[in-house]
Novice: 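Pasting in a structure now, in structure tokens, and then I'll have a few things to ask.
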Amino acid sequence: MSKISRIKGFADIFAPGSSLFTFMENTARRVFSSYGYSELRVPILEFTELFSRGIGTETDVVQKEMFTFPDRKGRSLTMRPECTAGIMRAYIDANLHARESVSKLFSFGPMFRYERPQKGRMRQFHQLDCECLGAHEPQADAECVAMLMHLMSELGLDQVHLELNTLGCKECRPRYKALLTEFLRGLDVDSFCEDCQRRIVTNPLRVLDCKAPRCKDMTESAPSIGDHVCPECAEHFAVVTGFLSDRGIPFVLNSRLVRGLDYYMRTTFEVVSTTIGAQGSVAGGGRYDGLVAQLGGPDVPGVGYAVGMERVALMLEQNMPDECTARPDFYLAVLEDGALNTALCLAQALREEGFSGETSFAAKSMKSQMRQASKTNARYCLILGKDELAQGTVNVKNMDSGEQRQTPLADAALALA
RNA sequence: GCGGAUGUAGCUCAGUUGGCAGAGCACUUGGUUGUGGCCCAAGGGGUCGGGAGUUCAAGCCUCCUCAUUCGCCCCA
């Protein structure tokens with residue numbers, strides 16, 4: 001029989017990698033809860049329209065990167081490429097805005113985008129996601145960013161920096177867009193890369209985000225959005241940056257930080273790492289007033305972000321957290337068939353006492369048992385052979401010091417403590 | 001969607017001008033009948049990613065294909 005292959009871009013995550021994901025989820029749960037956020041689990045599959053309307057028809061994500069297919073009744077479904085839209089839908093469905101003025105929600109799970117896989121980019125990837133709905137105040141943006149940086153620090157990530165920008169609102173952004181378009185058209189348009197020539201027409205803001213050196217040079221003196229937002233947006237942004245400065249949270253202003261999803265406005269931010277390859281954006285988010293209304297709900301403002309778990313995992317691998325390398329307490333080596341049952345009972349009793357460890361399912365030579373014990377990295381090796389069977393004891397060996405002593409079976413737990 | 005690199009033992013990889021398929025690690029067994037990580041010896045393991053072609057002869061050269069991977073793009 002031929003074996004069945006894994007789907008491209010879909011990873012099997014074994015230990016110790018899987019323990020990093022558990023660590024991230026546990027840490028995030030703790031941090032998010034401490035800010036009054038509660039967990040919301042939303043479906044992985046949604047009607048396609050949720051994403052086309054929510055993320056924006058013209059975005060790359062919607063145009064080229066979604067796993068979309070019809071269900072058995074011919075309706076178009078899509079594996080979620082991000083989870084903000086799904087959370088908004090749930091928020092609207094549950095009529096949450098009528099029950100509380102501000103809703104703070106977080107969610108974890110797999111997302112799906114049909115892209116060419118590379119380091120830090122899978123077709124199935126995982127995000128931690130946080131959304132604060134109902135608050136238009138800049139304090140909400142500020143707390144959101146602070147919470148994200150708090151999470152980064154709880155995860156032990158220090159090789160990151162925070163980038164910040166404002167995109168203006170639906171009043172001032174179009175004015176800036178027009179100004180920018182005018183500036184770009186005044187340049188030698190043919191010298192831009194192919195993508196940028198297209199962007200000048202479709203989405204001029206993204207030209208500023210182009211990585212091509214030539215495009216970068218040409219847009220050096222482009223008008224900066226920060227200088228052209230309306231007074232309200234400027235004031236909003238000033239409160240956010242002021243808070244971060246007061247709190248001593250370092251950030252860099254990046255007037256070229258443009259989020260690729262249409263719904264962002266005003267504050268946008270990104271956490272960037274330089275140690276994990278080309279896909280260095282570890283987290284990103286911003287304000288998205290108008291999205292809820294866009295999805296058929298009440299006109300409720302929102303701000304939130306997502307953290308890329310695979311990318312965080314790449315950073316954690318460089319410096320494994322202690323929690324992810326916990327040693328088992330024991331390995332139970334069985335030398336005689338007659339001791340197998342006693343061993344099984346002993347191991348079970350120890351686990352009920354709160355110890356962790358494995359027992360051998362078959363009797364083997366001392367040599368192979370010892371090798372196995374080393375491999376599990378257990379603190380103690382418990383040996384059951386014919387001598388122990390006869391005496392009703394177990395030989396407890398400290399794997400670090402090599403010390404060992406015969407202990408009555410009933411006292412095995414004491415020996416491990 | 002575009003570009004580069006790489007596919008040889010379970011893992012990491014050598015393989016010269018085209019000439020018998022290799023090493024280290026891991027595994028099994030023994031040295032040592034009940035004490036591991038070091039040492040010594042022996043052993044098991046291969047569709048050289050797949051297919052076509054050139055050749056007396058292909059892991060090596062040519063073409064096609066598949067897969068992996070790093071970038072571009074995009075995003076978290």
Novice: Which nucleotide, if any, forms a Watson-Crick or G-U wobble pair with B:rG71, using both distances under 3.5 Å?
Specialist: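 Pair assignment: B:rG71 / B:rC2.
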Novice: Between P on B:rC75 and NE2 on A:H126, what's the gap in Å once rounded to a whole number?
Specialist: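 About 21 Å, once rounded to whole Å.
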Novice: Sequence neighbours excluded, which residues qualify as side-chain hydrogen bond (donor to acceptor under 3.5 Å, both in side chains) partners of A:E154?
Specialist: A:R30
Novice: For A:Q406 and B:rU35, what is the distance between atoms CD and P respectively, to the nearest whole Å?
Specialist: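 Taking CD of A:Q406 and P of B:rU35, I get 13 Å after rounding.
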Novice: Between A:Q118 and B:rG71, is there a side-chain N or O to OP1/OP2 distance below 4.0 Å?
Specialist: yes
Novice: Cationic tip of A:R123 within the cone over A:Y114's six-membered ring, i.e. under 6.0 Å and within 45° of the normal?
Specialist: yes
Novice: Using a cut-off of 4.0 Å between protein heavy atoms and nucleotide atoms, how would you tag nucleotides 1-12 of chain B 5' to 3' with B, S and -?
Specialist: BBB---------
Novice: My understanding is that a pair needs two contacts under 3.5 Å, Watson-Crick or G-U wobble. By that rule, which nucleotide pairs with B:rG19?
Specialist: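 Answer to the pairing question: B:rC56, which forms a Watson-Crick or G-U pair with B:rG19.
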Novice: Mark yes when over 12 heavy atoms from residues, nucleotides or ligands other than A:D93 sit less than 6.0 Å from its CG; otherwise mark no.
Specialist: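 Count over threshold, so yes.
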Novice: Looking at B:rG45, which nucleotide sits across from it as a Watson-Crick or G-U wobble partner, both distances under 3.5 angstrom, or is there none?
Specialist: none
Novice: Using atom CD of A:Q372 as one end and atom C1' of B:rA26 as the other, report the distance to the nearest whole Å.
Specialist: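 A:Q372 atom CD is separated from B:rA26 atom C1' by 13 Å.
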Novice: Closer than 4.0 Å, any side-chain N/O of A:Q279 to the OP1 or OP2 of B:rC72?
Specialist: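 Yes, because at least one side-chain N or O of A:Q279 sits under 4.0 Å from OP1 or OP2 of B:rC72.
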Novice: For the pair A:Y176 and A:H228, name the ring-plane relationship: parallel under 30°, tilted 30 to 60°, perpendicular over 60°.
Specialist: tilted
Novice: Please name the nucleotide paired to B:rC63 by Watson-Crick or G-U wobble geometry with both distances under 3.5 Å, or report none.
Specialist: B:rG51
Novice: If I pick the P atom on B:rU29 and the same atom on B:rG44, what distance separates them, to the nearest angstrom?
Specialist: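 Their P atoms lie roughly 15 Å apart.
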Novice: Less than 3.5 Å between a donor and an acceptor, one on the side chain of A:S374 and one on the base of B:rG37, is that the case here?
Specialist: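 For A:S374, whose side chain was compared with the base of B:rG37, there is no donor-acceptor pair (under 3.5 Å).
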Novice: Need the pair for B:rA26. Rule: Watson-Crick or G-U wobble, both distances under 3.5 Å, any strand; none if unpaired.
Specialist: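 Here B:rA26 is not engaged in any pair, so there is no nucleotide opposite it.
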Novice: Report the base-pairing partner of B:rG37 (Watson-Crick or G-U wobble, both distances below 3.5 angstrom), or none.
Specialist: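 Its partner is none (no Watson-Crick or G-U wobble pair with both distances under 3.5 Å).
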Novice: Just to confirm, is there a sub-4.0 Å distance from OP1 or OP2 of B:rU68 to any side-chain nitrogen or oxygen of A:K8?
Specialist: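 For A:K8, the contact criterion (side-chain N or O under 4.0 Å from OP1 or OP2 of B:rU68) is met.
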Novice: Could you check whether atom CZ of A:R405 has more than 12 heavy atoms from other residues, nucleotides or ligands sitting under 6.0 Å from it?
Specialist: no
Novice: For A:E49, check salt bridge (charged side-chain N to carboxylate O under 4.0 Å, His left out) against everything at least two apart and list the hits.
Specialist: A:R53
Novice: Between A:F330 and A:Y380 (judged by ring centroids, cut-off 6.0 Å), do the two rings come close enough to count as a pair?
Specialist: no
